[in-house]
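Heads up, the thing below is written out as structure tokens.
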Amino acid sequence: AGVSSGQVLKYNGTSWAPAADNNSGGGGSSGINVTKVSIASDQNIGRNTTTQLNFDTIEFGNSDSAFNTTTKKYTAPAAGKYQFTGRIITNSYNTSGGSTISLTGYIYKNNSALIAMNQDFIKAAGSKRFITFFDDIVELAQGDVIDFRASMSNYAFTTDATIWTYDAITHMHIIKH
């Protein structure tokens with residue numbers, strides 16, 4: 001088949017053929033949709049509370065318009081497997097010795113925690129930056145609503161935690177397989 005400039009191809013088992021559309025990574029039910037979102041401004045998340053993250057910038061993708069930058073939520077456009085890969089990182093904090101400090105990132109589905117990933121520092125004094133990574137595949141039904149949240153506990157010398165946004169360092173990839 002003829003291929004035009006910028007056309008996305010997919011392998012159908014025997015040969016390469018044009019995908020359902022020209023979006024990055026294919027599209028629709030016959031390809032892979034990838035959306036990367038990030039936070040435009042540093043966000044304070046308080047202390048010992050779980051706060052929805054302000055993913056308000058689409059770095060690329062979102063050809064199916066599933067991610068809403070106003071609500072900061074992703075609505076599954078179709079049933080299937082979805083991969084979430086990303087990270088949440090804080091600004092640097094001075095911590096006191098002898099304390100356990102935890103940054104936990106959450107993926108919520110329909111307002112219930114689906115996945116929780118955390119990083120702990122135990123008995124570490126000095127300036128620290130906390131990072132939590134995500135990489136998981138989940139089954140979603142069409143219309144399931146996903147949002148991302150974070151909490152930080154038991155830290156000293158600050159009144160709230162700040163999620164860092166420098167160069168889209170806090171981000172999430174949403175990949176529909």
inquiry  = Students often mix this up, so state it plainly: with edges at 30° and 60°, are the rings of Phe84 and Tyr82 parallel, tilted or perpendicular?
reply    = parallel

request  = Output every pair passing salt bridge (charged side-chain N to carboxylate O under 4.0 Å, His left out) with a member in residues 77-92, not counting sequence neighbours, ordered by first then second residue.
outcome  = Lys81-Glu139

ask   = Any salt bridge (charged side-chain N to carboxylate O under 4.0 Å, His left out) pairs touching residues 162-172, not counting sequence neighbours?
value = none

query = Hey, is the main chain of Ile163 close enough, under 3.5 Å, to the side chain of Gln43 for a donor-acceptor pair?
reply = no

ask   = Looking at residues at least two apart in the chain, or sitting in another chain, which of them share a side-chain contact (heavy atoms from CB on, under 4.5 Å) with Asn118?
value = Ser102, Thr104, Asp120

message = When you measure from the side chain of Thr90 to the backbone of Arg129, do you find a donor-acceptor pair of N or O atoms at a distance under 3.5 Å?
response = no

N/O donor-acceptor pair under 3.5 Å between Thr170 side chain and Trp164 backbone = yes

query = Counting N and O atoms only, with roles assigned by atom type, does the side chain of Thr35 sit under 3.5 Å from a partner on the main chain of Asn62, one being a donor and the other an acceptor?
reply = yes

message = Apply ring pair (Phe, Tyr, Trp, His ring centres under 6.0 Å) to residues Phe148 and Phe55 and explain how you reach the verdict.
response = CA-CA 8 Å; Phe148 308 98; Phe55 283 107; 5.4 Å; yes

inquiry  = Using a 3.5 Å distance criterion without hydrogens, assess whether the side chain of Thr49 forms a donor-acceptor pair with backbone atoms of Ile45.
reply    = yes

message = The criterion is side-chain hydrogen bond (donor to acceptor under 3.5 Å, both in side chains); which residues satisfy it with Glu59, sequence neighbours excluded?
response = Ser38

query = Looking at side-chain heavy atoms only, is the closest gap between Lys176 and Ile174 below 4.5 Å?
reply = no

query = According to the side chain to side chain donor-acceptor pair (under 3.5 Å) rule, which pairs have a member within residues 66-79, sequence neighbours left out?
reply = none

ask   = Within the distance-only criterion (no hydrogens, no angle test), does the side chain of Gln142 pair as donor or acceptor with the backbone N or O of Gly80 below 3.5 angstrom?
value = no

ask   = Within a strict 4.5 Å, meaning less than it, do heavy atoms of the Phe134 and Ile88 side chains meet?
value = yes

key: Check: Asp56 side chain, Ala40 main-chain N or O, donor-acceptor pair, under 3.5 Å   = yes

note = Sorted by chain and number, sequence neighbours left out, side-chain contact (heavy atoms from CB on, under 4.5 Å) with Ala141 holds for Asp144

query = So how far is it from Tyr106 OH to Thr51 OG1, rounded to the nearest 0.5 Å?
reply = 10.0 Å

ask   = If we ignore angles and hydrogens, is there a donor and acceptor under 3.5 Å between the side chains of Thr162 and Asp42?
value = no

